[in-house]
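These notes concern the structure reproduced below.
Just so it is clear, the values below take in all heavy atoms, side chains as well, and ignore hydrogens, waters and symmetry mates.
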Amino acid sequence: MELLGEELVRGALDDLEGCGLTAAEKALLRFVHKLNAAPATIAAEDVAGLHAEGWDDEAVYDAIGVCALFNFYNRWIDGAGVHGTPELYRASGKRMAQGGYSR
């Protein structure tokens, strides 16, 4: 069973510029990639570029928060040796796609 949007996610991971995301979504993902790869280089111009694509400060703040939290979670999981299986991650993705993070 394929999750809703799984093909889009694969496309974005394999070829961000050629995938089916909007220009604004691609800009946000490029920003998050830069935030992961070189956080000290984030500048006002990066945020201005997101504003030019239609993202407001709240959306940028949310993206930064999600990026930071997932970095924390990944480091905790790796450090603690807690690992799931592809099946577990797929089931979790399906649950979140259907009900969000509230369940």
Side-chain angles (χ1 to χ4, degrees):
M1 170 196 240
E2 184 155 319
L3 295 175
L4 178 65
E6 188 173 354
E7 185 176 320
L8 182 61
V9 171
R10 279 192 195 124
L13 292 172
D14 292 343
D15 178 18
L16 178 61
E17 300 310 321
C19 76
L21 293 173
T22 67
E25 292 165 336
K26 291 175 186 178
L28 188 62
L29 289 179
R30 284 192 298 271
F31 173 82
V32 170
H33 175 75
K34 182 176 181 179
L35 183 59
N36 273 313
T41 67
I42 295 293
E45 295 81 22
D46 297 306
V47 176
L50 293 176
H51 289 159
E53 290 289 344
W55 297 105
D56 62 13
D57 284 335
E58 184 176 359
V60 174
Y61 181 82
D62 287 347
I64 293 167
V66 169
C67 177
L69 282 171
F70 273 86
N71 273 286
F72 167 78
Y73 296 146
N74 289 335
R75 280 159 183 74
W76 184 86
I77 287 168
D78 289 344
V82 177
H83 299 285
T85 64
E87 295 79 20
L88 175 67
Y89 296 131
R90 186 175 302 280
S92 179
K94 182 178 179 184
R95 179 184 46 78
M96 287 188 288
Q98 291 173 345
Y101 285 93
S102 63
R103 290 188 185 178

- Using atom types as modelled and distance alone, determine if a side-chain donor or acceptor of Asp15 lies under 3.5 Å from a backbone N or O of Gly11. no
- Cluster question for you: counting only ILVMFWY and a side-chain heavy-atom cut-off of under 4.5 Å, with indirect links fine, are Val47 and Ile64 together? yes
- State yes or no: do Leu28 and Leu21 share one hydrophobic cluster built from I, L, V, M, F, W and Y residues joined by side-chain heavy-atom distances below 4.5 Å, directly or via other members? no
- Query: Rounded to the nearest 0.5 Å, how far does CD1 of Ile42 lie from NZ of Lys34?
  - Reply: 5.0 Å
- Salt-bridge contact Arg30-Glu17 (side-chain N to carboxylate O under 4.0 Å): yes
- Assess whether side chain to side chain contact (heavy atoms under 4.5 Å, CB included) is satisfied between Asp78 and Arg75, documenting all intermediate values. CA-CA 5 Å; Asp78 289 344; Arg75 280 159 183 74; 5.8 Å; no
- Is Leu50 reachable from Val32 through a run of I, L, V, M, F, W or Y residues, each pair having side-chain heavy atoms under 4.5 Å apart? yes
- Task: Without swapping roles, check the side chain of Glu25 against the backbone of Thr22 for a donor-acceptor pair under 3.5 Å.
- Result: yes
- Message: Quick one, Ser92 with Leu88, criterion side chain to side chain contact (heavy atoms under 4.5 Å, CB included). Give me CA distance, side-chain angles, the key distance, then yes/no.
- Response: CA-CA 6 Å; Ser92 179; Leu88 175 67; 5.5 Å; no
- Treating Ile, Leu, Val, Met, Phe, Trp and Tyr as nodes and any side-chain heavy-atom pair under 4.5 angstrom as an edge, say whether Leu8 and Leu16 lie in one connected cluster. yes
- Message: The test is side chain to side chain contact (heavy atoms under 4.5 Å, CB included); show your working for His51 and Asp56 and say whether it passes.
- Response: CA-CA 6 Å; His51 289 159; Asp56 62 13; 5.6 Å; no
- Message: Could you walk me through whether Lys26 and Cys19 satisfy the side chain to side chain contact (heavy atoms under 4.5 Å, CB included) test, starting with their C-alpha distance in whole Å, then the side-chain angles of each, then the deciding distance to 0.1 Å, before giving a yes or no?
- Response: CA-CA 9 Å; Lys26 291 175 186 178; Cys19 76; 4.1 Å; yes
- Message: Quick check on the hydrophobic clustering: are Leu35 and Leu29 connected, directly or via other members, by side-chain heavy-atom contacts under 4.5 Å?
- Response: no
- Query: For the residue pair Pro39 and Ala37, what are the closest heavy atoms and their distance?
  - Reply: CD-C, 3.8 Å
